[in-house]
Amino acid sequence: MAGELVTLQLGHYANFVASHWWNLQEEYLCNGSQVLKHAEINSNVLFREGLTVHGQPKYTPRVVLLDLKGSLGSLKQEEEHQRTQSAQLCKTWEGPLTTHCTEAAEKNEYLRDLKKHKENSIRREVLRPRAANDTRSWSSMESKVYWLEDSVTVWSDFQRVPLHPRSISILKQYSHEGESDRLATFDLGFQLLSHPDVAEDFEDRLHFFVEECDHLQGFQLLCDWEDGFSGLACRAVEILHDDYDAKGVLTWGLLPGPSQTKVPGRNFNHVLNSALAIAHLAESSSLLCPLSVCPSFKCQPSPPLNFPHIQYQADMKYHSSAILASALETSTLPYRLHSSPASLSQYAESLNYCGRKVAVTRLSFPFSLARGWCLPDALTKHDPETSWQYLCPSGYEQNERCFTQAVSLRGVSAHQSRGFVPPGKEPMSRLHTCESGESVLSLYLQTRYPNTPNSVLLAETPIHVKTPFPNIFSSSIDPNGYLGEEKRSAATAVRQVSALTAVQSAAGLHSSLQELCAEATRFASSMATGIEQEDLSNALHSLCSLADNYKFGFGESDLDESDSD
Amino acid sequence: MAAITALNPKAEVARARAALAVNMSAARGLQDVLRTNLGPKGTMKMLVSGAGDIKITKDGNILLHEMQIQHPTASLIAKAATAQDDITGDGTTSSVLMIGELLKQADLYISEGVHPRVLTEGFEIAQRHAVSVLDRMADHREMDRSTLSAVVHTALQTKLHSRLADVLTEAIVDAVMAVKVSGKPLDLFMVEIMEMKHRSDCDSTLIRGLVLDHGARHPDMKRRVDNAYILTCNVSLEYEKSEVNAGFFYKSSKERERLVEAERAFTTDKVQKIIALKRQVCKGNDKGFVVINQKGIDPISLDLLAKEGIVAIRRAKRRNMERLTLACGGIAMNSVDDLTPASLGYAGLVYEYTLGEEKYTFIEECAAPQSVTLLLRGPNKHTLLQLKDAARDGLRAARNAIEDGAVVPGAGAFEVAASDALRELRNETKGRAQLGIQAFADAILIVPKVLAQNAGLEQQETLLKLQAERASSGRAVGLDLDTGEPMIPAEVGVWDNVSVKKQMLHSCTVIASNLLLVDEIMRAGMSSLKG
Ligand SMILES: Nc1ncnc2c1ncn2[C@@H]1O[C@H](COP(=O)(O)OP(=O)(O)O)[C@@H](O)[C@H]1O
Ligand SMILES: [Mg+2]
């Protein structure tokens, strides 16, 4: 019984990441206009099924997303209606009516092609409803290589999966761009979602998606931490608790890469917002995972992460969010498969013992496999130091202790997953003697992390990195995601890759949270935050004690205790 | 910087002038956008976004929210105006016009060398005097049906055409009368506004009960129940791990199954308790039984309830829980352990209404409902939004009137009277403060002027008529927008809220003064913008 999840996306960068994430999942739902049922991944967990006007099933993510005025670009919020006369639209006024048009927002090449394709397939659906799945224009679009770096400014410039009209909520009180009307601080965000009208609209949207769930598991929350969405997210979780207590809430706090403005590093507000967000969200979420390609909470700029087979621009949201989305698409598999043993809450509980609500994500992307290798081959060659990157925050030494971890590996087919030992020959390693892919991975982890409880998951489905996923793979990766012998030509794109993630309750968090706390305390005393002094010091205090939960040796015997009662 | 200023004392004045000019043009820009909105003859605006989305509004507050305001001064004015709406629910357009006009009048004096401080001192005196005029003009009276109708109608006719305004006024006043408890402040929370798309024209009705925008989730549950017991509760009826199953993740599938089974039995037990109560109260009669639960109900529980003839609605909104018991009676139960017949409420009729993918549940014919629903119908989203905004305006106007215990003549009557009184005050005042009072007296006339202009009338000529009529009759004289002639608002029933005007006088004076004292505001303004 896999229950449903509702996803919240709060903030512009959160929407970038989520857009990529939904796009990565489209492959499981349909092929052009043909609806599929995926064998391994259970799309009902994150998607709802509705009907098109022509009675065809239509999947949209079960999501409520918030962003600010001016952030939608060319995305139309309302569904296309047949050219209605303006008089028809306004039945309430008989006096004069004037029309004021903003300059039309251009769609980029990709969105234009997508629109054309959709119109064609609707036309076919109307003409020949039974034979609606002519995939010609689809596949021609699939093989085209797009370079969208210059034409993506907002997340909707590459949103491929259609969203339900109830999903998009634009907050009119603050502007996405410009100098004035910025939602800059934690406090502003918290106040905004406390406004009765804003809160009511938010609750109503949430209610629409929740009410139809037969077995609601809980909520996934993606939120920005640098700006006022930090505070808005905290208020959002309070609302979730008021309305749906006892449901799990898994939160990802997102920090974009180094900023594109001239000011290097993050400003004071960013640090303080993140600190307050962690302090509050760690308390109210089941599990809290910071995610960023720029591995520092602190003010000093830090070099972005390097992935061996990826060439990306860390300061470009379109790129960095694609990497984070790949991590999400992999690390969330434990509660998204048809065969999933656990719910989101149980997954979170496996990682949050002793108040250690914060966890870090490690990503190997693409996970290096060459044609003909088996998993044991790949793992023996896997170099965690250079390729298994901590997505946030920094301050780890290799093999540093972690308390528990959940590891997911995807894109390894069943026949690849175990080693083959030719009769009469010595196995190449102990890994090659394991009976199943899971035990290969477990054994690998036990050697790297002795005494750490692991849960491992292996999925065959790779990540489908089709357009509009950016072309960030080096030419050594072939179209099927393998390390190639020849260089891939620029005219062909990578279609799919494997990935390895670990979500860890890691001891390294002790020092990074402490540092963040110290830095935030320093700023808090020197600037106006709009927050009551007492609330502020309470928050910073709970951040410090959160850091203490990760002290080496803290609560070590707790795992056995909680098992026995 | 200080050194240069000392050498050239004119520099400071010049700098202030330049900054003031910037503020002025920002204020004028906003004023130009909003001026055509004002009053019953104003213009409806259709905004088309870059992506082709449409927004239709005549409400100054909504328009300000839709605009991308980049200029900090304009943004400050917009914030003050929207704060006006947050506090009183009305008067945004007038505020923006008034701030713009105060600055314009002030500019005439400043260009002749008057220091801004002199003017702001005069503004302050004028504002206090205008408030006393307002208090004198306020008509204190019993807020009976007819007065409330007049106030609500005055607010609505600035947003809706007259037939619609009439119908909605009726519904709003009925709603207010239903939830009003004498001696207590009016709780607008007890009036739910529900929108419903409908093929036909616009319509609004008052439902003496509640409308939920969702329905029963089981195919066998009845779509209509008469004479229904209502159980309002907040109890999870879905399989849910109630305790923390630490280590669940690491347990074997057998162990997991056992846990799940135990949990299932726990849930079924709760459902059985509800069924037992239903059997008890419905035995030997034809009464119905409806469960409205704030928490979830999973398919197995729904099935058990459906077999028993119970209609169950899950995930009722939190804000509707209190409304439910106020509408139907009974007690909202947090547990099924102490259910008694006394915890049940009652409704004469519960039925489901389906509209495409959307479902609604009507809970009607409640005995003495203290919570009601305004049901708005319209052919499309835009129309519904306007109806909803108008309904809120109307409700706020009614509440203000009840709280004020008084109303003030509209259609420009107050502004004309205040302007007259301020001119008298100016004549009695000695010294420089005269100038600010004069500027204020002229600025406040912007409201009747723009009302006239939007009705296609000649501004100065119309104003002179009003002032003459006022001088000769000594009464509160407003403008009949259809004839262009003076009229007596008290006789026609054009009433505005006292608190709206008071708030407006106050906030416009503060903002205009701040913008005039540029240097000070530049600093204060920037920090308040940063938040
Ligand atoms: N029937 C009427 N005749 C003349 N003026 C009216 C009438 N009804 C309302 N008004 C005036 O319209 C003004 C309010 O217009 P409105 O568009 O609601 O602007 P605001 O946003 O400032 O409230 C008030 O000054 C009110 O007195
Ligand atoms: Mg008004």
Side-chain angles (χ1 to χ4, degrees), chain A residues 1 50-51 69-70 72-78 84 86 88-105 172-173 175 178-181 184-185 187-188 200 203-204 207 210-216 242-243 246 341-342 345-347 349-350 453 455 528 530 562-563, chain B residues 36 41-54 56 58 65-66 68-72 75 159-161 164 201-202 214 217 236 238-242 244-250 253 256 296 298-299 314-315 317-319 357 378-383 386-387 390 527 529-531:
Chain A
M1 176 179 62
L51 291 176
K69 185 158 69 180
L72 277 189
S74 66
L75 180 66
K76 206 159 161 8
Q77 249 181 302
E78 298 153 21
T84 333
S86 52
Q88 224 67 47
L89 291 176
C90 177
K91 288 270 197 180
T92 52
W93 193 243
E94 286 166 351
L97 181 130
T98 54
T99 307
H100 309 258
C101 295
T102 316
E103 201 184 323
K172 296 288 158 76
Q173 288 81 349
S175 293
E179 281 307 302
S180 49
D181 290 335
T185 63
D187 182 51
L188 288 180
E200 187 174 310
E203 288 165 13
D204 281 354
H207 180 266
V210 167
E211 192 272 334
E212 63 184 14
C213 295
D214 278 339
H215 303 282
L216 180 72
D242 287 346
D243 284 353
S345 312
Q346 287 152 348
Y347 168 76
E349 275 155 21
S350 74
S455 63
S562 51
D563 249 3
Chain B
T36 53
K41 300 281 180 188
T43 305
M44 184 67 76
K45 296 201 164 123
M46 179 157 104
L47 310 174
V48 184
S49 80
D53 278 322
I54 290 172
I56 303 175
K58 193 186 157 293
H65 272 138
E66 289 297 321
Q68 301 251 24
I69 301 175
Q70 297 295 1
H71 194 285
S75 157
K159 303 289 178 285
L160 304 174
H161 67 68
L164 256 182
D201 225 18
C202 306
H214 49 116
R217 284 275 169 193
S236 172
E238 59 186 0
Y239 162 71
E240 189 167 38
K241 43 169 206 65
S242 56
V244 182
N245 297 321
F248 186 95
F249 209 62
Y250 303 102
S253 61
R256 279 195 221 113
D298 66 14
R314 69 187 179 198
R315 299 266 174 225
K317 291 175 192 169
R318 179 163 38 100
R319 63 170 191 270
E357 264 201 312
N380 54 52
K381 199 182 104 186
H382 307 288
T383 304
Q386 285 161 56
L387 281 174
S527 69
L529 282 173
K530 274 189 191 134

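Both backbone and side-chain heavy atoms feed into the values below; hydrogens, waters and symmetry mates do not. Chain naming here is simple, since letters A, B, ... match the order of the sequence lines and numbering starts at 1 in each.
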Handout entry: For chain B, the option from A:E103, A:E203, A:K69, A:E211 that forms the most heavy-atom pairs under 4.5 Å
Key = A:E211
Exercise for the section: Identify the heavy atoms of B:E66 and A:K172 that sit nearest to each other, and give their distance. Expected result: OE2-NZ, 2.7 Å
Practice task
Give the minimum heavy-atom separation between A:D214 and B:E238, together with the two atoms involved.
Solution key: O-OE1, 3.9 Å
Practice task
For A:H207 and B:R315, indicate whether the former's side chain and the latter's backbone hold a donor-acceptor pair under 3.5 Å.
Solution key: yes
Practice task
Could you check which of B:T36, B:D298, B:V48 has the highest count of heavy-atom pairs closer than 4.5 Å to chain A?
Solution key: B:V48
Handout entry: B:S49 and A:K76, any side-chain heavy atoms less than 4.5 Å apart
Key = no
Completion exercise
Per-residue tally against chain B (heavy atom, under 4.5 Å) across A:V210, A:T92, A:D242, A:L75 peaks at A:T92
Exercise for the section: With a 4.5 angstrom heavy-atom cut-off, could you sort out which part of B:R314 is near chain A: side chain, backbone, both or neither? Expected result: both
Handout entry: B:K381, part contacting chain A, at a heavy-atom distance under 4.5 Å
Key = side chain
Completion exercise
Ranking A:A105, A:S175, A:G50 by heavy-atom pairs under 4.5 Å to chain B gives rank one to A:A105
Completion exercise
Nearest heavy-atom contact between B:A51 and A:G73 is CB-O, 3.6 Å
Handout entry: B:M46 backbone acceptor or donor facing A:T98 side chain under 3.5 Å
Key = no
Problem - Pair A:D243 + B:K317: basic N to acidic O under 4.0 Å - result: no
Problem - chain A interface, residue from B:H214, B:K58, B:Q386 that has the most non-hydrogen pairs under 4.5 Å - result: B:H214
Completion exercise
If one checks every heavy atom of B:L164 against chain A at 4.5 Å, the contacting part turns out to be side chain
